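Comments concern the structure below.
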Protein chains: 2
Amino acid sequence: PQMAENEALSRRQKVLTIDTMNANIKKVEYAVRGPIVQRAVQIEKELKEGVKKPFNEVIKANIGDAHAMGQRPVTFFRQVLALCSYPELLDDDKFPEDTKYRAQRILKACGGSSIGAYTASQGIECVRQDVSRYIERRDGGVPCDPDNIYLTTGASDGIVTMLKLLTAGEGRTRTGVMIPIPQYPLYSAAIAELGAVQLNYYLDEDKCWGLDISELQRSLQAASKHCNPRVLCIINPGNPTGQVQSRERIEDVIRFAAKERLFLMADEVYQDNVYAEGCKFYSFKKVLYEMGPEYFNTVELASFHSTSKCYMGECGMRGGYMEVINMDSEVKAQLTKLVSVRLCPPVPGQALMALVTNSPQPGEPSHAQFLKERTATLGDLAQKAKLTEEILNTVPGIRCNPVQGAMYSFPQITLPERAIREAKEKGQAPDMFYCMKLLEETGICLVPGSGFGQKEGTYHFRMTILPPADKLKILLSKVKEFHQRFTKCYS
Amino acid sequence: PQMAENEALSRRQKVLTIDTMNANIKKVEYAVRGPIVQRAVQIEKELKEGVKKPFNEVIKANIGDAHAMGQRPVTFFRQVLALCSYPELLDDDKFPEDTKYRAQRILKACGGSSIGAYTASQGIECVRQDVSRYIERRDGGVPCDPDNIYLTTGASDGIVTMLKLLTAGEGRTRTGVMIPIPQYPLYSAAIAELGAVQLNYYLDEDKCWGLDISELQRSLQAASKHCNPRVLCIINPGNPTGQVQSRERIEDVIRFAAKERLFLMADEVYQDNVYAEGCKFYSFKKVLYEMGPEYFNTVELASFHSTSKCYMGECGMRGGYMEVINMDSEVKAQLTKLVSVRLCPPVPGQALMALVTNSPQPGEPSHAQFLKERTATLGDLAQKAKLTEEILNTVPGIRCNPVQGAMYSFPQITLPERAIREAKEKGQAPDMFYCMKLLEETGICLVPGSGFGQKEGTYHFRMTILPPADKLKILLSKVKEFHQRFTKCYS
Ligand SMILES: Cc1ncc(COP(=O)(O)O)c(C=O)c1O
Ligand SMILES: Cc1ncc(COP(=O)(O)O)c(C=O)c1O
């Protein structure tokens with residue numbers, strides 16, 4: 001009887017249920033860590049437990065996580081982080097002088113000379129200075145005020161914080177946020193959570209995922225009846241699409257934002273990841289500046305960077321920054337207040353950002369090795385970008401744009417009608433059905449295109465180019481085999 | 001003319017202004033880093049520039065930031081973090097074997113054996129296991145499922161995430177969140193940002209800031225007409241009030257939450273910071289368990305911990321965890337999805353949480369020094385808690401409860417009528433007026449009670465007990481002098 005009573009009690013309706021929870025959160029989706037990845041983790045456990053599979057290991061090409069794919073951390077960064085963590089090592093001869101100098105500089109800027117102290121909420125001042133000098137160098141002398149730099153907990157944090165500031169209104173005055181399709185799903189997730197309105201503009205797959213102003217115009221026009229479009233997000237180089245926008249296209253976008261009075265958010269976390277010949281990274285800031293004062297003094301821009309990508313791949317450190325330009329001073333004060341509630345970004349990530357933006361210089365003892373490591377990593381990525389495109393394009397039914405930059409290819413796949421029907425009967429997106437089968441049969445973990453958005457009736461997957469070259473080759477040939485088998489089986 | 005045109009353009013209304021930004025954010029306040037602290041930073045700069053002041057340095061007793069106040073990091077923690085950052089040090093004889101073993105264990109659990117890889121969004125599995133075994137030991141064997149542990153970016157992150165899940169409804173069905181007054185202002189800030197309804201219950205200053213169930217009842221009743229009260233937050237040991245709740249009071253609270261169907265949030269970041277004789281820390285989880293299955297199987301609870309407080313003081317690492325109990329499984333899946341959008345908590349903070357919850361054991365080489373350091377820090381804090389209470393209580397017009405735990409005293413100050421009037425004329429809270437004058441005249445930076453909430457017509461300040469004992473004595477005697485001078489001046 002006690003038992004029964006307890007059971008009755010424990011079946012009592014909970015305070016927090018799926019019906020009484022925050023409804024916006026239910027709408028959030030994040031495919032990069034969605035059901036495919038959960039199944040991949042399960043399969044890994046099964047393999048460990050000795051369950052027989054047609055493969056020996058799961059290869060995760062679902063997420064831009066360089067170290068997990070075997071990329072080695074940059075020695076210089078890690079030496080300085082070790083010194084900052086345990087300053088007793090400053091007496092150790094094993095560490096080059098410049099690593100000690102950097103560590104001491106960072107420690108001096110920390111309360112009690114410890115990276116365990118809270119920092120200013122906007123980030124350590126000398127780190128923000130490093131960032132601002134980096135931006136000035138990067139942009140050929142365009143001035144950068146350290147006061148416009150906010151250090152963040154990864155770029156994710158900065159992006160969500162900016163969207164939060166920008167979200168206002170109700171019903172038809174609700175903030176509309178224009179995002180590319182395909183997109184990095186942090187954007188759709190944050191928009192859903194904040195209850196803002198997602199406005200899709202489609203990248204042009206036939207033009208190498210280029211931006212098209214008439215498409216921006218179409219998207220904006222379609223939106224203006226039912227919300228208040230105020231924000232335009234650009235990801236360049238692109239995730240998941242791997243394109244690098246040209247300078248002309250960026251100018252077009254800025255002109256469009258100025259004319260339509262949109263706040264620009266430029267996600268530039270892949271700014272070092274440019275591989276294709278003829279492609280070059282132009283920051284929105286630099287282009288804005290060079291378009292002259294009528295633009296540079298008016299267009300509002302936030303741009304984002306991260307320690308997670310480029311040649312660093314230091315995702316776990318959660319380092320990042322954003323630069324805000326032409327932000328209203330009252331709003332800026334509100335932003336500074338808002339970030340103070342969370343106290344400060346993780347200090348190891350801040351320290352790392354100082355090292356990324358103020359890396360070893362010629363003449364310093366760590367310079368040669370640093371350069372060698374960075375060059376090797378970026379060179380390796382460039383090769384893998386080429387390799388991926390080439391091999392995928394040898395498969396009938398797979399069509400892959402050049403991977404001009406970032407860390408992903410996003411090929412279009414042709415699926416047989418019967419596969420599409422079978423997926424739909426199962427209530428699955430057809431490319432989810434495809435990727436799930438690929439995982440079960442080969443151990444390869446990719447993300448279906450439907451997780452990023454794609455033109456109705458087209459199907460894609462996203463794969464990172466991060467696995468080591470030998471593994472990448474195996475992966476690509478397995479994908480090839482699988483695609484042929486799948487096509488045959490459902491034709 | 002070009003100039004004039006540009007000026008006109010740049011005066012054009014911005015997209016994002018104080019009138020068009022997220023209105024909830026405007027309501028956010030966070031006194032711990034508010035105007036007093038901004039002025040303190042300014043004064044520090046002025047001192048550096050040689051501006052003459054009646055003092056040589058600013059003493060910041062505004063924030064619980066142990067390392068910034070001179071507390072040394074625990075050697076064991078920092079050795080392991082250095083090894084994790086730069087694993088080449090694993091060959092170094094200077095590091096004790098147990099630090100190497102811990103580092104290797106953490107590295108093995110990281111993708112590519114690097115703390116630069118993203119981890120599972122809920123946190124590294126073996127760290128969650130460490131946390132769950134720690135909780136079981138702490139609570140005398142009450143079982144803890146690692147699956148209920150979520151690692152977080154400081155406790156702040158966990159608290160905001162839970163409040164976010166719990167916020168729903170509109171108008172009179174909006175979620176009401178009961179918080180203590182005085183409170184740690186993260187709560188009011190998060191509630192404002194989420195647009196939830198803040199419901200105040202007052203701690204009883206005359207009973208050493210004790211909890212009173214009839215006051216909870218009053219607060220709930222007053223609220224139920226205009227919102228949907230669903231959450232009850234408790235901070236124990238208390239910030240800013242420094243009290244430690246008794247086991248009986250915790251039982252009362254749990255009974256109240258069960259009866260009134262409230263989701264409990266227990267902020268237990270100061271769980272090691274208990275100094276007063278006769279006081280002991282009881283976790284809500286343990287008390288809940290010991291109240292029997294009808295409670296343990298029904299009452300929904302989230303509890304929070306952090307690497308920032310206790311004897312660690314590792315605020316900059318942004319480590320933390322939350323444990324959820326009796327959370328509906330569908331909601332839990334939503335929570336797991338939600339945290340995946342931000343990818344993962346910072347890995348150094350996760351590693352640190354593993355070390356905090358799985359610290360050196362007797363027989364291990366680091367045990368003696370670890371114990372010595374921990375004991376010294378906690379003993380020192382206990383002494384300073386006593387010292388602070390004693391000295392403040394010698395000042396006529398200052399009345400201070402015993403600092404039973406946490407890191408703060410929150411004395412009531414009697415302010416002359418004329419000071420109150422003058423403050424109000426300036427549009428300032430009277431205790432803000434007081435603290436600002438204290439800062440300008442002595443360089444001491446405290447936070448006015450109005451930043452935490454207090455009974456109408458009473459005035460307080462919060463000061464941390466963290467400065468080194470000699471500095472703390474100077475600080476206290478300066479406060480004493482100032483209070484006497486201030487009282488005289490305005491009487
Ligand atoms: C385009 C883009 N923006 C932002 C992020 C967020 O990265 P993080 O928060 O690790 O800096 C990512 C991560 O993959 C990304 O691809
Ligand atoms: C009661 C309480 N909760 C939560 C926090 C948040 O700390 P953190 O985010 O550094 O873990 C603090 C910090 O002072 C606190 O005092």
Side-chain angles (χ1 to χ4, degrees), chain A residues 6 9-10 12 14-18 20-22 25 28 30 33 65 67-68 70 73 78-79 81-82 85-86 111-112 114-118 121 153 156 164-168 186 189 230 261 263 293-294 297-298 300 313-318 328 330-331 334 338 340-342 346-349, chain B residues 6 9-10 12 14-18 20-22 25 28 30 33 65 67-68 70 73 78-79 81-82 85-86 111-112 114-118 121 153 156 164-168 186 189 230 261 263 293-294 297-298 300 313-318 328 330-331 334 338 340-343 346-348:
Chain A
N6 289 347
L9 270 163
S10 72
R12 182 180 83 157
K14 292 189 187 280
V15 176
L16 182 60
T17 67
I18 196 83
T20 64
M21 69 174 277
N22 186 328
I25 289 176
V28 167
Y30 192 70
R33 300 209 150 186
D65 189 357
H67 292 192
R78 294 309 194 87
Q79 286 176 330
L81 285 182
S85 300
Y86 189 52
S114 167
I115 58 169
Y118 291 125
S121 300
T153 305
S156 306
K164 200 184 276 177
L165 274 181
L166 281 156
T167 300
L186 167 66
R230 300 171 70 201
R261 303 197 59 250
F263 193 107
E294 73 268 38
N297 293 335
T298 59
E300 294 153 78
E314 292 276 11
C315 309
M317 295 295 170
R318 315 306 296 124
D328 176 86
E330 285 176 301
V331 176
Q334 293 286 329
L338 179 65
S340 79
V341 176
R342 297 291 190 100
V347 183
Chain B
N6 291 345
L9 270 162
S10 72
R12 183 180 82 156
K14 293 192 187 276
V15 177
L16 182 61
T17 68
I18 196 83
T20 64
M21 68 175 277
N22 187 327
I25 289 175
V28 167
Y30 192 71
R33 300 206 150 188
D65 189 357
H67 292 193
R78 295 311 195 87
Q79 287 176 329
L81 285 181
S85 300
Y86 189 51
S114 168
I115 58 170
Y118 290 125
S121 301
T153 306
S156 306
K164 199 184 277 179
L165 273 182
L166 281 155
T167 300
L186 167 66
R230 301 172 69 201
R261 306 197 56 250
F263 192 107
E294 74 268 36
N297 293 335
T298 59
E300 293 152 78
E314 293 275 11
C315 308
M317 295 294 169
R318 312 310 293 125
D328 177 84
E330 284 176 302
V331 175
Q334 293 287 328
L338 179 64
S340 79
V341 177
R342 296 291 190 101
L343 298 164
V347 183

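Treat the numbers as computed from the prediction; the structure is a model and nothing was measured. In what follows, every heavy atom counts, from backbone to side chain, and hydrogens, waters and symmetry copies are set aside. The sequence lines fix the lettering, A, B, ..., with proteins before strands; numbering per chain opens at 1.
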Residue pair A/Val28, B/Gln334: steps toward the side chain to side chain contact (heavy atoms under 4.5 Å, CB included) verdict: CA-CA 9 Å; A/Val28 167; B/Gln334 293 287 328; over 6 Å; no
Among the listed options B/Ile25, B/Leu186, B/Thr17, B/Thr153, the residue most often paired with chain A at heavy-atom distances under 4.5 Å: B/Ile25
Most contacts with chain A, counted as non-hydrogen pairs under 4.5 angstrom, among B/Ala82, B/Ala189, B/Gly70: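 The candidate making the most pairs under 4.5 Å is B/Ala82.
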A/Cys315 versus B/Ala117, closest heavy-atom pair with distance: CB-C, 4.3 Å
Atom of B/Tyr118, atom of B/Leu343 and distance for their closest heavy-atom approach: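 Closest approach of B/Tyr118 to B/Leu343: OH-CD1, 3.4 Å.
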Salt bridge present between A/Glu314 and A/Arg78 (N-O < 4.0 angstrom): yes
At a heavy-atom distance under 4.5 Å, which candidate from [options] has the highest pair count against chain B?
{"options": "A/Val347, A/Asp65, A/Ile18", "answer": "A/Asp65"}
{"options": "A/Ser340, A/Ser156, A/Pro348, A/Ala168", "answer": "A/Ser340"}
{"options": "A/Glu330, A/Met317, A/Lys164", "answer": "A/Lys164"}
{"options": "A/Leu16, A/Leu166, A/Leu165, A/Thr20", "answer": "A/Leu16"}

Chain A contact via B/Arg318 - which portion, at a heavy-atom distance below 4.5 Å: side chain
Chain A contact via B/Pro73 - which portion, at a heavy-atom distance below 4.5 Å: side chain
Part of A/Ser121 lying under 4.5 Å from any heavy atom of chain B: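 Both backbone and side chain.
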Engaged part of A/Leu338 at the chain B interface, taking heavy atoms whose separation is under 4.5 Å: side chain
Distance (rounded to the nearest 0.5 Å) between A/Gln79 CD and B/Tyr86 OH: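 Rounded to the nearest 0.5 Å, the CD-OH separation comes out at 3.5 Å.
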Atom pair OG1/NZ of B/Thr298 and A/Lys14 - distance to nearest 0.5 Å: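 It is 8.0 Å, given to the nearest 0.5 Å.
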4.5 Å side-chain heavy-atom contact, A/Arg230 and A/Phe263: no
